[in-house]
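Step one of this worksheet: look at the structure below.
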Amino acid sequence: MTSESTSSPTRALVLGGGGAVGVGWQVGILTGLRESGVDFTAADEILGTSAGSLVGALLSSGHDITRALAGLAALGRTIDADAMAAGNDAFLKAMGQASLGADPEKLVREIGRTALTATTIAQHVYLGLFGEVLDGIPWPTGFRCTAIDVETGHLVVWDQDSGVALRDAVASSCAVPALFPPVEIKGRLYMDGGIISHLNATSIAPADVVVVLSCHPLGSSQAADQAADQAAPVTSDTAPDAEIATLQTTAQVIAIDPDFGHLSVTQEQMMDSAVAGQAVQIGRQQAGVEAEPILSIWDVTS
């Protein structure tokens, strides 16, 4: 925590991955929270992974985050529903056939090989979709986003000092293997940053206050054990919970996941633009419940 009571707390926002549905839910809840007085543009850091990278880039640059929905619409016009479903199915099968175990980067490299052999839209077409939303926007101060090196399996965190165009960095963070093409940056290929963890929450700089918007359910019973035991097995389902438990040892943390209620969203539906539209409305409704506790720690007047 801050050493002086008169110092403003350092604040971070983590926006997780979650496909088209995740984009919709984050746009909805962030819009509702802004209307309730939560100013996330004042964050010292906004970290985005996959869907969260697109929303985070717009939020941190002061642009209308609903532009992310226009990007989804453009994607839907470019890739037909059958191709989208087939690519998503191939990715889920690749994830389901492996366990992160003690060597998560080995798994990621295997998924990377799947990405390299998959039939997808051309890279220039894919990048053009992000260009429609992000071209002309300089790298926002404090914004960072994650991607994974296809060959090594290493997580990278792009920031304003990386020398990478905002469009390319965000596109690489969103490049779901077998669904979208890997993105070439400085001679290397990168894919979706959310393969090991859809949050990558512990990649943020140390902060006093952290708000996490997870597009997937949280609350694994294994989280505390993983945070305490570095030898505990890591899975893509439990890694985000363990990350949040780690953050809670040094910061005030509010972690929010979707309250879809009667809307049952499966992994196979996360890229469904029709469900994404419903997720926007759910997010806006949920903001009314979440605003007060966030305001209590965010201190928007500082």
Side-chain angles (χ1 to χ4, degrees), residues 11-36 38-43 45-76 129-135 137-147 157-160 166-176 180 192-194 197-201 203-204 210-216 240 254-258 265 270-273 275-284 286-287 290 294:
R11 297 169 294 181
L13 172 66
V14 177
L15 299 173
V21 172
V23 170
W25 178 73
Q26 288 183 352
V27 166
I29 193 168
L30 287 169
T31 298
L33 289 172
R34 184 191 65 232
E35 293 169 350
S36 297
V38 182
D39 181 14
F40 282 124
T41 62
E45 179 180 347
I46 294 177
L47 175 73
T49 290
S50 199
S53 71
L54 178 57
V55 176
L58 292 169
L59 177 67
S60 57
S61 63
H63 284 73
D64 182 359
I65 59 174
T66 61
R67 289 174 63 173
L69 301 177
L72 291 182
L75 185 65
L129 297 172
F130 288 86
E132 292 181 25
V133 179
L134 297 174
D135 273 355
I137 300 178
W139 194 284
T141 301
F143 173 67
R144 304 166 80 213
C145 65
T146 65
V157 182
W158 306 120
D159 61 21
Q160 62 195 110
L166 182 64
R167 179 201 69 171
D168 295 355
V170 172
S172 71
S173 185
C174 295
V176 179
F180 306 126
D192 194 300
S197 167
H198 55 80
L199 290 181
N200 297 305
S203 294
I204 62 169
V210 183
V211 174
V212 178
L213 298 186
S214 171
C215 304
H216 296 274
I254 290 181
I256 302 168
D257 55 9
V265 182
M270 292 304 287
M271 293 304 299
D272 189 327
S273 59
V275 181
Q278 298 176 67
V280 174
Q281 299 307 314
I282 290 171
R284 292 202 64 157
Q286 194 171 352
E290 306 292 353
I294 292 175

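Quick note: residue numbers are just sequence positions, from 1.
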Would you give the length of the straight line joining atom [atom1] of [X] to atom [atom2] of [Y], rounded to the nearest 0.5 angstrom?
X	Y	atom1	atom2	result
Glu45	Arg11	CD	CZ	13.5 Å
Ser60	Arg144	OG	CZ	12.5 Å
Arg284	Ile282	CZ	CD1	13.5 Å
Ile256	Ser214	CD1	OG	10.5 Å

(message) I'd like to know whether Leu213 forms a side chain to side chain contact (heavy atoms under 4.5 Å, CB included) with Val55, so could you lay out the CA-CA distance, the side-chain angles of the two residues, the decisive distance to 0.1 Å, and finally the verdict.
(response) CA-CA 11 Å; Leu213 298 186; Val55 176; over 6 Å; no
(request) Please report the C-alpha distance between Leu59 and Leu13 in whole Å, then the side-chain angles of each, then the deciding distance to 0.1 Å, and finally whether the side chain to side chain contact (heavy atoms under 4.5 Å, CB included) criterion is met. (result) CA-CA 11 Å; Leu59 177 67; Leu13 172 66; 3.6 Å; yes
(request) Go through the steps for Val280 and Thr66 under the test side chain to side chain contact (heavy atoms under 4.5 Å, CB included), then give the verdict. (result) CA-CA 10 Å; Val280 174; Thr66 61; over 6 Å; no
Could you pull out the closest heavy-atom pair between [X] and [Y], with the gap in Å?
X	Y	answer
Glu132	Ala74	OE1-CB, 3.7 Å
Ser53	Cys174	OG-SG, 3.5 Å
Ser61	Ile137	CB-CG2, 3.7 Å
Leu166	Phe143	CD1-CE2, 3.7 Å
Thr49	Thr146	OG1-OG1, 2.8 Å
Leu58	Arg67	CD1-CB, 3.9 Å

(request) Please examine the side chains of Val211 and Val38, heavy atoms only from C-beta on, and report whether any two atoms are closer than 4.5 Å. (result) no
(message) Checking side-chain polar atoms at under 3.5 Å, does Trp158 have a donor or acceptor matched by the opposite partner on Ser172?
(response) yes
(request) May I ask you to decide if Gly193's main-chain N or O and Asn200's side chain share a donor-acceptor pair within less than 3.5 Å? (result) yes
Ignoring hydrogens and angles, write down the donor-acceptor pairs under 3.5 Å from the side chains of residues 15-32, residues two or more places apart or on other chains.
residue : atom : partner : partner atom : Å
Trp25   : NE1  : Gln286  : OE1          : 3.0
Gln26   : NE2  : Gly16   : O            : 3.0
Thr31   : OG1  : Val27   : O            : 2.7

(request) Dump the intermediate steps for side chain to side chain contact (heavy atoms under 4.5 Å, CB included) on Leu54 and Leu134, then the final yes or no. (result) CA-CA 9 Å; Leu54 178 57; Leu134 297 174; 4.2 Å; yes
